[in-house]
Amino acid sequence: MIYIQNAAQIATLGGASSKPKTGKEMEDLGLIEHGGIVIEDGVFTFVGSNEEAARYVEQHAGGREVTVFSAEGRTVTPGLVDPHTHSVFAGSREFELNLRLQGAKYIDILQAGGGILYSTERTREASEEQLMAETGKRLDRFLAHGVTTIEAKSGYGLRLADELKQLRVARQLDASHPVDIVSTFMGAHAVPAECRGDADGYVRSVIEEMIPAVAREGLAEFCDVFCEEGVFTVEQSRAILEAGKSWGLSPKLHADELVSCGGAELAAELGAVSADHLLHASEAGIAQMAESGVIAVLLPGTAFFLMAEPADARAIINAGVPVALSTDRNPGSSPTESLPFIMNLACLTMGMTPAEVLTACTINAAHAICRADTIGSIEAGKQADLVLFDAPNYNYLQYHYAVNLVDTVFKKGAPVIQNGRRV
Ligand code: NIG
Ligand code: FE
């Protein structure tokens, strides 16, 4: 039995709703001041005030050893969940930052054969071992920043063998690293160089060859498409996501990131789990997302790194769309594993409140990867993933910005980071 006592504040995010939080609900963190948490066999069994927790331990320890952790002066949250990453790739693209500083546009770099296509070349060249090592380092950084579960997309293979390679690496790391990985097939991330001028032909191979192979091997739960002017059209995206659905892959969508092109509308039409980015989503598209219950995954780090205006989070929340936040960790438009810094950006560049931000990185993020039954809140029965921040309250997390305040991380009831270091 593990007993975490004397937390300055616990943001439980509890409340037993089976739906992601919308509107004012996003402000409700299920806060406990001066609280304690009990973990047994990797699962939370009690959370409450210090007095209640002490009583629970007394009554339930029954001769078992009780390991006590002091959380004095610290704020406890559920393990952070990052619902949108492209973490499995080889190489890096720091030279592109210099090109962009000289005025080159992200989409122009891609269309000139760089960007995603550059990372695809590096990823195709890489062995599984090399990809494991590079991705493992990224997972270590996620964990050090309090992230205990991520979604990870393929999309730097862009041909069957290498898409499978990325997804197999994700599966192996999910099994061997404390960070849990939920996989998404994103063969439609870009049209590969060898198919240039024949996007429809490539879409056919995604539909007829890749999706069935991924589904047969059980390598992904979701299917995602970069639906964008100059990448994949709404029609192509619809065809791919419909095919994915027929093979049991739930749809997600990179929607309206660079221009407004009907991505939010398509996500609503398909009943997608989430539509992500949404910098240029139309008002009608947002309203349709609210109606069909699509989660908006917002990525303010990508806007920041591409020096663009972020999504209109306030309008999206006001429209009744549940919002989650993510790093978008990838080698081109958001090379960071710091979800806490993304939270700072959500607050300081999109005007989300500290409470909304925490909801968006815990329970709503868990919903965005269909894991809200097991993670995303500190409630009896859920997997014991939690973070102790060196902060007197949750507001402080957005105030003392851009530094890592993570002190301790528990994954499945075991301490994996202590005093900011891997144990
Ligand atoms: O979400 N938009 C497409 N995909 C990524 C960028 C990937 C890359 O540049 O390597 C994104 O921004
Ligand atoms: Fe992305």
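Whatever order the structure lists them in is the order used to number ligands and atoms, beginning at 1. By convention here, the first residue in the shown sequence is residue 1. The structure displayed is predicted, hence computed values, not measured ones. Just the heavy atoms: all of them, side chains too, but no hydrogens, waters or symmetry mates, feed the values below.
Residue contacts with ligand 1: Ser333 is placed with a nitrogen or oxygen under 3.5 Å of a nitrogen or oxygen of the ligand (distance criterion only). Any N or O atom pair closer than 3.5 Å counts here, and Tyr156 shares at least one such pair with ligand 1.
Here is the list of ligand 1 atoms found below 4.0 Å of a heavy atom in Ile116: 7 (C), 8 (C), 9 (O), 10 (O).
Scanning the protein heavy atoms around atom 2 (N) of ligand 1, the nearest turns out to be Glu257 OE1, 2.8 Å. Among all protein heavy atoms, the one lying closest to atom 4 (N) of ligand 1 is His189 NE2, 2.8 Å. Nearest non-hydrogen protein atom to atom 11 (C) of ligand 1 is Asp328 OD2, 3.1 Å. For atom 9 (O) of ligand 1, the closest non-hydrogen atom on the protein side is Tyr106 OH, 2.5 Å.
With a 4.0 Å heavy-atom cut-off, ligand 1 is reached by no atom of Phe89. At a heavy-atom cutoff of 4.0 Å, ligand 1 is contacted by the side chain of His277 but not by its backbone.
In this structure, Glu163 does not pair ionically with Arg159, as no charged nitrogen and carboxylate oxygen lie closer than 4.0 Å. By the 4.0 Å N-to-carboxylate-O rule, Asp82 lies too far from Arg329 to be salt-bridged with it.
In summary, an N, O or S atom of His254 is located under 2.8 Å from the Fe ion (ligand 2). Among the backbone and side-chain atoms of Asp328, an N/O/S atom is found under 2.8 Å from the Fe ion (ligand 2).
When Glu221, His84, Glu151, His86 are each tested for a side-chain hydrogen bond (donor to acceptor under 3.5 Å, both in side chains) with Thr184, only one passes: Glu151.
A donor-acceptor pair under 3.5 Å links the side-chain atoms of Thr336 to the main chain of Ser338, judged by distance alone.
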Could you walk me through whether Glu265 and Gln288 pass the side chain to side chain donor-acceptor pair (under 3.5 Å) check?
CA-CA 6 Å; Glu265 288 86 342; Gln288 289 165 34; 5.1 Å; no
